[in-house]
Amino acid sequence: MKKVLIVLAVVVTAIVLVSVPTTLGGSVRRMIAVAAVQNNLAPVGAWLLAPLASAGDAVAQNDLAVLHMRGIGVERDPLRAAELLNKAAAAGLPRAQMNLLLQRASCNMSEREDTLRRLEEFARSGDRRAASMAADCLSWYVPYNNRVEGMRRLLAMAEIATGGSDADEELKFGWLLMKSLSDLNDYGAEGIALRPTVATASARYLLRAAEHGRPAAYEAISKLAEQPQLLSDEAVAQRVSARTPAEWIEDAAAAGHPRSRCAVGIKFATTLAEKKARASDADRQKLADMFQTCLKDRDPRRVVFKDGKEQTAGHYRLFDVWMMDEEFLILSPNYDDYDHDIVAQEDAVRVIAKLARDL
Amino acid sequence: MRFVAIAVIAAVGLLSTVLLPLNYYVTERHALAQQAVSHGMPAVAAALLSPLAEMSDARALNNLGVLRARGAGGEPNPAEARRLFARAAEQGSARARLNAVMMEHGGCGLNTDRAAATAAALGPIAETDPTAANLIHDCLYFDATSRPLPDRSDRALAAESTPPQPRDANALLHAGWAMMNMARTTTIPDYSDEEANRRYEEKVVPIARKAMQLLFAATEAGATAAYEGLGILMMQFGDKLGDDPMAVRLRERDNWEWLEVGAEKGDWAAQCRIADARITHLRYDGKPYTRDEFNAVVAYARQCIDRKEEQKDPAWFDQTEWLVVTPRYYLQSRPTLEIDATTGGLNGLLFFDADRKMSAAEAPR
């Protein structure tokens with residue numbers, strides 16, 4: 001119902017705006033255009049942006065360029081995209097300058113150190129998406145002999161990216177830092193000395209992500225709970241140590257985390273099977289619930305062959321990050337899947353099904 | 001409309017064939033049955049084949065058995081299918097023996113014990129039915145089949161040693177790639193172990209040579225994807241395949257040149273891969289390029305992206321004697337992933353080129 005109302009509001013406002021001169025209500029037009037794109041009405045968005053872009057509105061030029069580059073709502077036209085993006089960048093719009101940078105030299109090219117340095121500049125100027133993308137660069141291509149310096153830069157980007165309490169960024173940086181802990185062991189005293197800072201920052205982001213409704217955070221906290229001595233902040237250490245690693249996984253499962261529900265499902269089925277007696281109806285129901293999530297919940301980004309072409313299994317909310325700000329992004333930051341593990345899921349389903357036969 | 005016309009023709013054909021004595025127009029009755037199946041009317045095909053099967057016509061017995069096994073036009077009836085295959089086999093149908101084996105042992109999937117058993121049972125049939133050889137390759141795909149069948153590679157070679165009749169391009173391509181993959185996935189021993197290396201070469205060279213023969217035969221039969229296989233074979237085994245004219249011919253081109261031949265002959269995936277490489281070269285080499293060079297690359301990429309043809313994938317009823325399980329042929333249809341990659345690459349190149357021109361125009365003179 002809410003969605004229908006939004007769509008109706010967008011369409012009605014768009015019609016009203018067409019009847020007044022283009023130069024009036026530029027910011028309202030832009031807002032409606034962005035709302036249209038975000039609500040699956042990209043052609044309406046492009047239609048509203050076009051006159052603004054022609055009138056020299058840099059944000060509209062940037063957004064229309066992104067739509068042309070992606071071929072969404074308008075014809076795919078890289079030439080027009082280049083023209084619009086250059087105009088917006090020349091007008092001094094930082095997001096357009098960043099989009100141009102990403103299009104000219106992405107992080108997998110030889111100029112990546114320069115790209116990274118400029119992304120960090122955009123981030124320090126307040127662009128949180130730039131911080132998230134700089135972190136992607138840093139996590140993919142840290143020079144072997146510069147790991148400790150890279151980790152410090154990653155910590156700085158984490159501060160910026162999570163500044164707006166974005167739960168997805170909190171989860172991303174919490175996991176990213178937690179997974180980087182072991183790498184620091186190989187970089188001498190300097191690397192080892194940095195581990196408590198990294199572990200504590202990771203725990204802070206993960207606890208915040210959990211509070212903001214990201215169950216995958218509990219799973220990562222369980223890994224920090226295995227080594228609480230690393231946490232340099234006493235309050236954070238107390239919160240992490242308040243539960244055992246297994247209990248954190250149970251929390252994740254209870255919050256609906258598919259990968260943890262597989263692990264807890266196996267453990268629960270094993271316990272029931274060891275009793276060598278028929279399980280109660282409540283226990284059987286609990287196991288069936290675990291089993292169903294473990295079996296059916298799959299990564300929506302998984303590529304499948306459907307209707308004669310390759311496509312993803314479902315829609316992934318974070319696919320749309322590029323259109324979430326008023327100034328669109330030409331590329332999206334990377335968000336790993338911390339919810340699913342197809343191999344572990346298939347193994348778990350087999351084990352649970354085998355054990356369930358004896359219950 | 002087309003469907004109605006076909007249905008009317010089928011009905012008229014059916015009536016006229018039913019009214020005529022059964023030993024007349026047997027070939028035409030079979031052709032009509034095949035048309036009926038290919039147009040989604042297996043019940044009509046079954047009605048045409050049943051009286052011929054009653055006359056112990058081997059082809060009709062086999063094809064009716066396939067319809068029963070697949071449940072085409074009704075519920076699957078494995079018992080009836082087995083009975084029909086047994087009767088067809090008594091009449092000398094190798095295809096019916098093959099179908100009976102596939103029903104008995106199942107297809108060749110992830111259960112490597114079952115796949116090995118199917119391959120072993122198909123071995124004798126490959127002498128008379130070339131499709132059995134392709135199914136054997138599918139069954140022996142996983143190295144794990146070496147456990148129940150330690151002579152796995154010998155069996156694959158044996159399946160190809162007595163080609164009973166000319167094979168079509170798809171079958172040759174499939175067999176060539178299968179043999180090449182078997183050679184590529186054979187574990188290479190430590191270079192310092194001379195004895196192990198001698199044994200490796202003894203095992204792998206005959207497989208690679210057979211792959212070369214099959215892939216060259218596939219190119220002659222019109223399978224353009226075989227050129228890519230030749231390139232891979234040249235790269236990995238070119239120096240091991242001897243000095244006979246075929247091996248010398250293989251070594252006349254390197255891996256990339258064979259792919260280019262494939263693209264030139266029309267292999268869609270090869271065209272896209274070459275387009276992608278040319279785009280990368282222009283965009284990332286950091287060297288100046290002329291307008292003609294740019295236009296040539298764009299035009300080449302467009303050939304990959306805008307190509308419209310849809311090739312028909314092989315079906316179980318394509319051959320005169322139908323199949324319960326079809327081999328996993330390398331399909332030559334639309335290479336979606338390659339097209340997507342080229343589309344993305346071209347998009348990036350067009351942006352890059354336009355952006356470069358704008359930057360050059362704005363640069364201080």
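Values below: all heavy atoms of this structure, side chains included; hydrogens, waters and symmetry mates excluded. Within every chain, numbering begins at 1; the chains are lettered A, B, ... in the order of the sequence lines, protein sequences first and strands thereafter.
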Calculate, to the nearest 0.5 Å, the distance between atoms [atom1] and [atom2] belonging to [X] and [Y] respectively.
X: A/Asp77; Y: B/Leu350; atom1: CG; atom2: CG; answer: 9.0 Å
X: B/Phe352; Y: A/Gln103; atom1: CZ; atom2: CD; answer: 11.0 Å
X: B/Asn347; Y: A/His68; atom1: CG; atom2: NE2; answer: 12.0 Å

Does B/Tyr141 have more than 12 heavy atoms from other residues, nucleotides or ligands lying within 6.0 Å of its OH? no
Considering residues, nucleotides and ligands other than A/Arg301, do more than 12 of their heavy atoms fall under 6.0 Å from its CZ? yes
Hey, mind stepping through A/Arg76 and B/Thr343 against side-chain hydrogen bond (donor to acceptor under 3.5 Å, both in side chains) and telling me if it holds? CA-CA 11 Å; A/Arg76 193 188 286 267; B/Thr343 306; over 6 Å; no
If you compare all heavy atoms of A/Asn86 against all heavy atoms of B/Met358, which two are closest, and at what distance to 0.1 Å? ND2-SD, 3.5 Å
